[in-house]
Protein chains: 2
Amino acid sequence: MTGGLIGPAQAVLMASIARRHYLHGRSKVELAREFGLSRFKVARLIDEARDSGLVRIEISHHGEIDVDLSARLAERFQLVHAIVVDTPEDDAASLRDHLGRAAAQLLGEVITSKDVLGLAWARAVSAMVRALRPLPGTPVVQLTGALALPDGRDTSVDVVRNVAGASGGAAHLFYAPFTVPDAATARALRQQPEVARAFDQLPSVTRAVAGIGLWEPGQSTLYDASSEFDRQELRRLGVCADISGVFLDADGKPVRTELAERTIGINHEQMQAIPEVIAIPYGVARAPAVRAAVRSGLIGGLVTHTALAELLLDDE
Amino acid sequence: MTGGLIGPAQAVLMASIARRHYLHGRSKVELAREFGLSRFKVARLIDEARDSGLVRIEISHHGEIDVDLSARLAERFQLVHAIVVDTPEDDAASLRDHLGRAAAQLLGEVITSKDVLGLAWARAVSAMVRALRPLPGTPVVQLTGALALPDGRDTSVDVVRNVAGASGGAAHLFYAPFTVPDAATARALRQQPEVARAFDQLPSVTRAVAGIGLWEPGQSTLYDASSEFDRQELRRLGVCADISGVFLDADGKPVRTELAERTIGINHEQMQAIPEVIAIPYGVARAPAVRAAVRSGLIGGLVTHTALAELLLDDE
DNA sequence: GCGCTAGCTGCTCATATGAGCAGCCTTGAT
DNA sequence: ATCAAGGCTGCTCATATGAGCAGCTAGCGC
């Protein structure tokens with residue numbers, strides 16, 4: 001025949017063979033015998049059926065999680081874990097709840113008793129902790145000082161204590177603010193025994209959970225808590241994202257800031273040494289910050305929602 | 001872990017691996033290296049992904065033809081060819097046109113110059129012939145006498161002559177009515193040289209095209225053209241279907257009738273000897289006749305529409 | 001008719017794959 | 001603490017599979 005176009009008989013034959021192969025799991029040799037063709041012919045027909053789009057293979061949703069999008073996200077950004085929750089972008093609180101539950105599931109699944117968990121402070125992390133089931137005796141390390149929030153609940157200290165308590169693991173926590181007015185105070189605080197002990201644990205942390213902030217009003221708890229001077233100064237330095245006080249520019253490169261000197265919390269090098277940092281970003285507005293975070297190489301896991309995930313995959 | 005339920009990380013890992021395997025065609029060994037797993041683990045994950053419904057494989061439409069339904073029909077009834085046209089069941093004429101085009105495509109695709117084509121008379125066959133492109137010099141044999149239709153166009157003779165003319169093949173045709181008043185006349189007619197010559201070609205016919213009638217008013221051209229006596233008599237004998245004058249009961253078994261003695265056309269044995277008889281049934285009302293036809297083993301190809309195909313697949 | 005090209009077919013051989021099996025670890029009960 | 005059960009893991013070996021190749025056939029221009 002002409003060869004270019006496939007006729008209906010050919011199409012149906014391909015469909016018939018493809019159906020038995022893919023849906024009933026018959027081997028090509030078997031089908032060759034059955035149809036009186038060589039196994040090569042059968043293989044070619046199956047290939048053609050796939051290439052021509054006659055057979056469509058799709059990875060479907062699995063409950064709330066869009067596994068296909070998750071897999072693509074993980075693949076694209078070389079992530080160890082990616083979870084995309086298929087939830088509409090309602091208000092931030094509901095989003096945090098959904099992502100928090102998913103992150104809790106993820107953590108519950110991957111954490112073993114040999115892990116050491118680091119927890120930074122972020123509202124999404126608090127949401128995760130609320131949904132978290134007891135872990136198998138995992139020690140928990142506090143990564144950042146406490147940030148004064150209007151409601152005053154669920155500080156970094158509470159979060160660490162709760163998780164460790166429920167898990168029966170050691171809690172490495174300290175009482176200190178996230179930022180202080182001058183570098184000297186910060187240095188002094190870092191030498192406090194309990195702070196120093198917690199920080200000594202950092203190299204042993206195997207997994208950590210953090211939020212991602214965008215250096216804009218209302219997009220980062222740290223931004224909102226900072227002085228107008230610091231806000232401007234960091235913007236001037238090109239700060240785009242903050243991951244629990246670790247500042248990055250839009251390309252994900254670390255930015256040295258004077259503010260970091262006045263911070264009681266994990267720094268860039270210490271975070272880089274953690275095998276897997278799981279971030280829980282939400283809200284399409286924060287896309288530039290998330291982009292920076294994944295480019296930085298600091299992030300090994302991402303728990304987010306459909307809209308943001310699609311935005312991340314679209315560009316570049 | 002618990003083992004029963006699969007967590008999100010597991011689900012995403014399965015999706016990720018299944019995606020690369022099915023969509024990008026990577027081998028399991030390759031994926032095992034890439035993910036740092038054993039190839040067995042990869043195989044198990046892929047199996048689980050398929051079994052759990054995470055990967056969905058479907059055979060999709062291909063233009064007008066529902067290849068999946070076609071394949072299922074062919075599989076179920078052991079047909080060499082089955083074409084299901086996805087067209088709504090409008091009026092009979094439009095249905096005939098659609099099926100005629102599909103049948104013409106099928107014939108054009110499968111017929112070679114070594115084939116000998118037999119054509120019975122049916123309105124669907126006429127529709128097919130109108131859509132038929134020239135065949136590669138295929139000889140054409142007339143299978144049935146001419147039936148007087150109101151419009152008088154496209155008799156069995158015309159159909160055969162047209163196809164053979166366009167194809168450049170020999171035309172084995174004869175001028176004789178389909179039915180005559182008595183058996184003696186029929187015998188005499190069959191001995192006419194041109195009739196006999198055409199019938200002598202029957203054993204060499206490799207593919208034939210026919211319609212399927214249901215022995216009910218308005219469901220069979222032959223029924224409508226018969227005397228009231230014959231109508232009743234054949235019904236009494238349990239006739240359900242007629243394939244160009246070959247009568248079958250509801251189970252597809254041949255029914256000997258006196259009417260057959262008065263018919264100038266192919267008989268049951270001769271039809272059974274044809275390697276592939278392609279029928280073009282339409283209209284859900286004729287389902288019982290089509291069922292009988294496929295059960296008879298006479299039919300090797302079926303060109304029909306969605307509603308009828310689904311009806312056939314549903315029962316039993 | 002003669003050669004030419006192009007597409008189709010089925011072969012070989014290295015590689016991938018699946019079924020079944022035995023060791024090991026986890027888990028839970030006594 | 002000890003033991004039993006179950007599940008998970010990675011091995012072996014027979015079989016299935018894919019890439020590339022050479023022969024065959026059909027169609028085509030001269």
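Keep in mind that what you see is a predicted model, and the values were worked out from it rather than measured. Numbered from 1 within each chain, the chains take letters A, B, ... in sequence-line order.
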Quiz prompt | Protein-nucleotide distance (A:Glu30, atom CD; D:dA14, atom P), rounded to Å | solution = 20 Å
Exercise. Round to the nearest Å and state the distance from B:Leu45 atom CG to D:dG7 atom P.
Key: 17 Å
Quiz prompt | Polar contact flag, side-chain donor to acceptor under 3.5 angstrom, A:Glu64-A:His98 | solution = yes
Exercise. Rounded off to whole Å, could you give me the CG-to-P distance for the A:Leu31 and D:dT15 pair?
Key: 18 Å
Practice problem: Using whole Å, report how far CZ of A:Arg33 lies from P of D:dT17. | Solution: 10 Å
Under-3.5 Å N/O pairs linking protein and nucleotides 10-13 of chain D:
| unit_1 | atom_1 | unit_2 | atom_2 | d |
| --- | --- | --- | --- | --- |
| D:dG10 | OP2 | B:Ser38 | OG | 3.1 |
| D:dG10 | N7 | B:Arg44 | NH1 | 3.4 |
| D:dG10 | N7 | B:Arg44 | NH2 | 3.2 |
| D:dG10 | O6 | B:Arg44 | NH2 | 2.8 |

Quiz item: Is the shortest heavy-atom distance from the side chain of A:His21 to the side chain of A:Glu30 under 4.5 Å?
Solution: no
Practice problem: On DNA chain D, check which nucleotide each of A:Lys28 and B:Lys114 is closest to and give me the residue with the more 5' one. | Solution: A:Lys28
Exercise. Would you please say whether a donor-acceptor pair under 3.5 Å links the side chains of B:Asp115 and B:Thr138?
Key: no
Quiz item: So, A:Arg161 and A:Asp158, do they make that salt bridge, N to O below 4.0 Å?
Solution: yes
Self-check item: Nearest-angstrom distance from the residue atom CZ of B:Arg26 to P of C:dT17
Solution: 12 Å
Quiz prompt | Derivation and outcome, side chain to side chain donor-acceptor pair (under 3.5 Å), residues B:His81 and B:Glu276 | solution = CA-CA 9 Å; B:His81 292 112; B:Glu276 181 180 359; 2.8 Å; yes
Quiz prompt | Summary of salt bridge (Lys or Arg N to Asp or Glu O under 4.0 Å) pairs that have at least one residue in residues 96-106 of chain B, sequence neighbours excluded | solution = B:Asp97-B:Arg130
Quiz item: For A:Asp47 and D:dT17, what is the distance between atoms CG and P respectively, to the nearest whole Å?
Solution: 12 Å
